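Read through the structure below, which is laid out as structure tokens, and then see the notes.
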2 protein chains.
Amino acid sequence: MTIQDDTPNDANGNRAADNVVRALSESIYSGELPVGAPIPSEREIVEKFQISRTVAREAVSILSSKGLIDARPRYRPVVRQPDLDAALGVMGGLVQHMLSRPGGVKQLFDTRIFVETGLVRAAATDATKDDISNLRAALEANGECLDDSNRFFETDVAFHGALYMIPGNPVFPAIHRSFSDWLGGQWGMMPRKPDRNRRNHDAHQAIFKAILSRDPDEAEAELVSHLQDAWAQVADTFDGV
Amino acid sequence: MTIQDDTPNDANGNRAADNVVRALSESIYSGELPVGAPIPSEREIVEKFQISRTVAREAVSILSSKGLIDARPRYRPVVRQPDLDAALGVMGGLVQHMLSRPGGVKQLFDTRIFVETGLVRAAATDATKDDISNLRAALEANGECLDDSNRFFETDVAFHGALYMIPGNPVFPAIHRSFSDWLGGQWGMMPRKPDRNRRNHDAHQAIFKAILSRDPDEAEAELVSHLQDAWAQVADTFDGV
DNA sequence: TGCTCTTTTTGGTATGACTAAAAACAAAAT
DNA sequence: ATTTTGTTTTTAGTCATACCAAAAAGAGCA
């Protein structure tokens, strides 16, 4: 199985747009085109690179798909801040792919367990007072809507999201939002009952307690138990996927 | 001929190509267009959806950027297997973004430490005999080129790569390849000396030993120590980035 | 200064044409 | 009959032009 052939997109014969893409990319990375600034209009690009508007449009399209610019329809594309949102969009594509593979849903969920395992361990050892109070607030908010499944779902996501904030690394919030988007779509429409809410909230409390007592092993155990239980609740929905 | 009854875009902000993209996406996800099959030619798309070739091309371009199809220049685009390669391309984009942020390199490296921490812990608890022998082979290959820095770098990457294989989840090899691509570009051209190779190899051995003795805490400690040391070796190269 | 109203610019789309490469086909040679 | 070679058709890539509608910019007025 050859897994070596092409990197991002270009393998062999360069498209005419590739040169334009490279030049504009450098302008962006070098800061010549600062964040938020509109990129040259398509007609200016035509003029500058001596290519047709077709190619100019394709170049803009590629820049957009790479996340370097923000192109709303009918607006001048602007240089995008390479931040969480960009990463989010990219991760969203990954999630989409995972969901379309056989077993992809399970693999994606396992990945989530893997990530959050590391997060709760890190939380147990490194969480600051602020982190703790954020977690506590999220937990309490979660406990206050055991009877409102929609709000419970939101606060559930928020509680897990608080874990992703702890390392202070913007990669993690981006990952969380990708997972959340997926969950919001696939999970949100699932039948949820108050007793399940209570069970999940209890699990959240156990995780929080373990973090509070600075016990990474316990936190990990509770987290894994919680997520495996959550998976079991919906596994049959994704049978064979 | 003036076209009067066209549907430019349905009030919202949707491009005309979006409908085509949606329809083709469904054909792909439903299996109507199986993996490896060529998608309809641009002119067939024009015919089918009653749109101009411009729009058809844009739709194909979007599908390509989403990774649903594999579009080499001048070849008929084929439905892409939504697998590691797709994920790789996506992750590559994420890495690109991280590298262009202030502090992004460090954050990316921290993410790597986070991931590999989880991996060695999992290895220490779950590794099978096969996993162990793979690790051992990678370690030995690594130890045999202490004096050949290029080959040492390759086997170094391979050793870490063996860790990413252990969970049996294709997400991890994809992540590893993304990191490796980055390392191959940024790291590979760094001055490397035999004494550093030895130090890194010793660290690899320590990690392997901890995995062998089924001690996740020790494995984590050795891994973190190893990677932090590796970071220190090159941190000044990325000062302020 | 603040507001409307026009003018210009710009992105989105349509159409037609041309080129080089790939694919499909046919014919010839073994 | 099978392989090789040559020819035709199809197709992606590109270019040029044109039109429309929306956005941005400017002009005019209050």
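From a predicted model like this one, the values you see are computed outputs, not experimental measurements. Proteins come first, then strands; the chains are lettered A, B, ... in the order of their sequence lines, and each starts at number 1.
Dashed line: the shortest gap from a side-chain N or O of A:R74 to OP1 or OP2 of D:dA23 is not under 4.0 Å. In this structure, A:R76 reaches the C:dG11 phosphate: one of its side-chain N or O atoms is under 4.0 Å from OP1 or OP2.
Among residues two or more places apart in sequence or in another chain, the side-chain contact (heavy atoms from CB on, under 4.5 Å) test is passed with B:T54 by B:S52. Applying the side-chain hydrogen bond (donor to acceptor under 3.5 Å, both in side chains) test to A:T117 and every residue at least two apart in sequence or in another chain returns nothing. With sequence neighbours excluded, the residues that form a side-chain contact (heavy atoms from CB on, under 4.5 Å) with B:Y164 are B:R112, B:V115, B:E116, B:L119, B:F172, B:I175, B:H176, B:F179. Applying the side-chain hydrogen bond (donor to acceptor under 3.5 Å, both in side chains) test to A:D110 and every residue at least two apart in sequence or in another chain returns A:K106. With sequence neighbours excluded, the residues satisfying side-chain contact (heavy atoms from CB on, under 4.5 Å) with A:S27 are A:E32, A:L33. The side-chain contact (heavy atoms from CB on, under 4.5 Å) test applied to A:D131 returns A:A127, A:T128, A:I166, not counting sequence neighbours. With sequence neighbours left out, the ring-ring contact (aromatic ring centres under 6.0 Å, His included) criterion links B:H160 to B:H204, B:H226. Shown here are the side-chain hydrogen bond (donor to acceptor under 3.5 Å, both in side chains) partners of A:E42, two or more places apart in sequence or in another chain: A:R53, A:R57. Residues satisfying the side-chain hydrogen bond (donor to acceptor under 3.5 Å, both in side chains) test with B:S61, not counting sequence neighbours, are A:S61.
Interface residues of residues 39-47 of chain A facing DNA chain D, ordered by number: none; criterion, heavy-atom separation under 4.0 Å. For DNA chain D, the residues of residues 50-59 of chain A within the heavy-atom distance limit of 4.0 Å (strictly under) are A:I51, A:S52, A:R53, A:T54, A:V55, sorted by number.
At distances below 3.5 Å, at least one donor-acceptor pair connects side-chain atoms of B:N169 with backbone N or O atoms of A:Q107.
Rounded to whole Å, atom C1' of C:dA23 lies 10 Å from atom OH of B:Y75. B:D18 has its CG atom 12 Å from the C1' atom of C:dG12, to the nearest Å.
Axis deviation across the helix from C:dT1-D:dA30 to C:dT30-D:dA1 amounts to 10°, comparing end segments of five pairs, rounded to 10 degrees.
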